[in-house]
Visitor: 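Got a structure for you, written out below as structure tokens; questions coming shortly.
This one's a predicted model, so the numbers in the text were calculated from it and none came from an experiment. We count residues from 1, following the sequence as given. Just so it is clear, the values below take in all heavy atoms, side chains as well, and ignore hydrogens, waters and symmetry mates.
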Amino acid sequence: MRIVVLAGGVGGARFVRGLREAVRWWHPEAAIDVIVNTGDDWWLGGLRITPDLDSLLYTLAGQNDEQRGWGRVGESERVAAELQAYGVTPEWFTLGDLDLGTHIARTAWLRSGASLSEVVARLQQRWDLGGVRLHPATDDEVDTHVWVASDAGGEHDLHFQEWWTRYRAQLPALRFEQRGLAAARPSAGALAALEAADVVIIAPSNPVVSIGTIVSIPGMRDALRAVAAPIVGVSPIIAGAAVRGMADACLSAIGVATDAGAVARLYGPRLGVALAPAAAPFSAAAPLPGLLDAWLVDEADAGVVDGLRADGIATDAVPLWMRDLDSAAALAEAALQAGLARRSAS
């Protein structure tokens, strides 16, 4: 069995770790491929930083700092202090010394002509990820910028990392711009994984800047619509609040309520939905191109189940909180079983 996950950020990393555990317990023959958001990537101090890919890599390798939720365990920051003293990097974005080793290696390989997919494959060779393979959503650079109001009454843009990390998404976003999106194409590894998939799971990641960026890559929408496997989504919203991060600020910017049912309708039922144009902006008025066969919400949101089922999305309420590895594995198994049930029904 081949399981493909669309993921980004810390929530996506924890879900994939839980899925790996569930596979070890109940489906030892299964393989896991993860298509990872690259819209948060950026250049800093001459280095290419890939936060979501690194979160997946470190979490699955057991190298993630669980206290902070990001970066390497046992990290030091002597080099970061020097870079900040020279004014090369800002004080609000700290690169740990061990983490810098990854960024330097990645940048060196990229500058030598390797694709991001080749770089990710090389990074994975260092650690045992337990049978999980990571694929960047695209090998092309697609950096997310956030437009906000300026003090002078106009508008200006920030790189997503500055808006997210420095300002903690407290500056109201007017819109998001994924630069380079129109010219981007899905990575070969992502497309091959989808073609071979038996079940596709959309992790409880940010629906706008993580999942939204992945599925907005021209060609990715067609690949998802064409995949024979059922697609199951896991809500990143519980009882009207984001599970992690500031997804509510992103949803508000595109006119979508912070609600498990609203996010499901943003993704849309897969059958009978016309494809949106490639790289088209998405919003409440222009939902994504019919991604879902099934959807999981938390028990606190059980009230949305009947309405979503009436809209053509097979929906169930299950415990969504990933408090530890066991609860994350139970959630991942519930998502997998929802997909297998849809596959049997078809």
Side-chain angles (χ1 to χ4, degrees), residues 3-22 32-41 50-71 129 132 134 136-137 144 160-161 164-165 168-169 200-215 231-251 256 258-260 262-264 266-267 288 291-292 295-301 318-336 338:
I3 307 165
V4 176
V5 184
L6 275 58
V10 175
R14 291 182 175 177
F15 178 83
V16 173
R17 182 172 58 186
L19 177 62
R20 182 181 65 181
E21 191 71 4
I32 303 171
D33 291 89
V34 187
I35 299 172
V36 185
N37 170 50
T38 55
D40 296 4
D41 298 1
T50 63
D52 285 2
L53 280 163
D54 291 348
S55 288
L56 266 296
L57 179 69
Y58 295 156
T59 297
L60 295 171
Q63 297 296 314
N64 189 59
D65 187 330
E66 295 294 330
Q67 297 300 316
R68 293 189 300 179
W70 54 273
L129 303 189
V132 179
L134 305 179
T144 301
F160 174 80
Q161 288 298 337
W164 190 259
T165 307
R168 305 301 296 169
V200 178
I201 301 175
I202 300 175
S205 301
N206 191 307
V208 180
V209 294
S210 292
I211 303 303
T213 300
I214 293 172
V215 302
I231 302 178
V232 181
V234 180
S235 174
I237 305 298
I238 297 177
V243 175
R244 287 194 60 84
M246 291 81 71
D248 52 342
C250 299
L251 288 166
V256 175
T258 306
D259 174 81
V263 174
L266 173 68
Y267 290 163
L288 298 177
L291 295 179
L292 297 176
W295 181 242
L296 297 184
V297 301
D298 189 71
E299 293 166 317
D301 295 306
V318 301
L320 291 194
W321 285 110
M322 295 184 288
R323 294 183 172 87
D324 51 29
L325 184 57
D326 287 350
S327 57
L331 170 59
E333 177 64 9
L336 184 54

Visitor: Considering only distance and modelled atom types, tabulate donor-acceptor pairs under 3.5 Å from the side chains of residues 6-15, sequence neighbours left out.
Guide:
none

Visitor: If only atom types and distance count, is the side chain of R20 paired as donor or acceptor with the main-chain N or O of L129 below 3.5 Å?
Guide: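 Yes.
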Visitor: State, yes or no, whether a side-chain contact exists between D298 and S235 at a heavy-atom distance under 4.5 Å.
Guide: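 Heavy-atom side-chain distance check fails, nothing below 4.5 Å.
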Visitor: Please enumerate all residues that pass side-chain hydrogen bond (donor to acceptor under 3.5 Å, both in side chains) together with T50, with sequence neighbours excluded.
Guide: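 Result, side-chain hydrogen bond (donor to acceptor under 3.5 Å, both in side chains) vs T50: D54, R106.
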Visitor: Mind checking whether T144 and W164 have side chains closer than 4.5 Å, heavy atoms only?
Guide: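 Heavy-atom side-chain distance check fails, nothing below 4.5 Å.
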Visitor: Distance-only criterion, 3.5 Å: show the donor-acceptor pairs between side-chain atoms of residues 319-326 and protein atoms not counting sequence neighbours.
Guide:
unit_1	atom_1	unit_2	atom_2	d
D324	OD1	D326	N	3.3
D324	OD1	S327	N	2.8
D324	OD1	S327	OG	2.9

Visitor: Are any of the side-chain heavy atoms of V34 and L19 separated by less than 4.5 Å?
Guide: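 In short, these two side chains do not touch, never coming nearer than 4.5 Å.
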Visitor: Would you name the heavy atoms of P207 and V263 that are closest together and state the gap between them?
Guide: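 Closest approach of P207 to V263: CB-CG1, 4.0 Å.
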Visitor: Considering residues at least two apart in sequence or located in another chain, which fulfil the side-chain hydrogen bond (donor to acceptor under 3.5 Å, both in side chains) criterion with Q161?
Guide: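 Q161 satisfies side-chain hydrogen bond (donor to acceptor under 3.5 Å, both in side chains) with T165 once adjacent residues are dropped.
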Visitor: Test I202 against V215 for side-chain contact (heavy atoms from CB on, under 4.5 Å), laying out the working first.
Guide: CA-CA 11 Å; I202 300 175; V215 302; 6.0 Å; no
Visitor: Mind checking side-chain hydrogen bond (donor to acceptor under 3.5 Å, both in side chains) for D33 and listing every partner two or more places apart, or none if nothing turns up?
Guide: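 For D33, the residues satisfying side-chain hydrogen bond (donor to acceptor under 3.5 Å, both in side chains) (neighbours in sequence not counted) are R2, R133, H135.
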Visitor: Main chain of P136, side chain of T38: is a donor-acceptor contact present, judged purely on distance under 3.5 Å?
Guide: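 Here the side-chain-to-backbone pair does not exist.
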Visitor: May I ask you to test the S205-N37 pair for a side-chain heavy-atom distance under 4.5 Å?
Guide: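 No. Closest side-chain heavy atoms not under 4.5 Å.
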Visitor: Please report the closest heavy-atom contact between T213 and V209, naming both atoms and the distance.
Guide: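 The pair with the smallest heavy-atom distance is OG1-O, 2.9 Å.
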Visitor: Which atom names give the shortest non-hydrogen contact between G240 and D301, and what distance separates them?
Guide: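 So the minimum-distance heavy-atom pair works out to N-OD1, 4.4 Å.
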Visitor: Going by side-chain hydrogen bond (donor to acceptor under 3.5 Å, both in side chains), name the residues that satisfy it together with R17, two or more places apart in sequence or in a different chain.
Guide: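 For R17 the side-chain hydrogen bond (donor to acceptor under 3.5 Å, both in side chains) partners, ignoring immediate neighbours, are E66.
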